[in-house]
Amino acid sequence: MKTIIRRVITRWVLWRSDRRLYRRYPHLKQRAAAIEAARKAHKPTKHIIKDQQQDMLRLLREGM
């Protein structure tokens, strides 16, 4: 039972943090959707992921 509760709480916390991040920076959500669409279409994602990582690094360095 503890494992189920822990999983639910963890998923909820991750969902909340993603939601706050995507509200503040909507371009990150658009890029994440583009990555998912490219993966489903079996297209290359390396350049999209690289842009996403650089953007996230920049935000972390700025202190979000």
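Here the structure is a predicted model, which is why all the values come from computation and not from measurement.
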In this structure, CD of Gln30 is separated from OH of Tyr25 (nearest 0.5 Å) by 15.0 Å

If two hydrophobic side chains count as joined below 4.5 Å and joins carry through other members, does Trp12 share a cluster with Ile5?
yes

Heavy-atom pair of closest approach, residues Ala38 and Pro44:
CB-O, 4.2 Å

Give a yes or no on whether a salt bridge exists between Asp55 and Arg31, defined as a side-chain N under 4.0 angstrom from a carboxylate O.
yes

Of the non-hydrogen atoms in Ile35 and Thr45, which two are nearest, and what is the gap between them?
O-CG2, 3.9 Å

Spacing of Ile4 atom CD1 and Ile9 atom CD1 [to the nearest 0.5 Å]
12.0 Å

Beyond-backbone contact of Met56 with Leu21, side-chain heavy atoms, under 4.5 angstrom:
yes

How many angstroms lie between atom CD of Gln53 and atom CD1 of Ile49, to the nearest 0.5 angstrom?
7.0 Å

Distance from Leu60 atom CG to Leu57 atom CG, nearest 0.5 Å?
6.5 Å

Enter the distance from Arg23:CZ to Arg19:CZ here, rounded to the nearest 0.5 Å.
4.0 Å

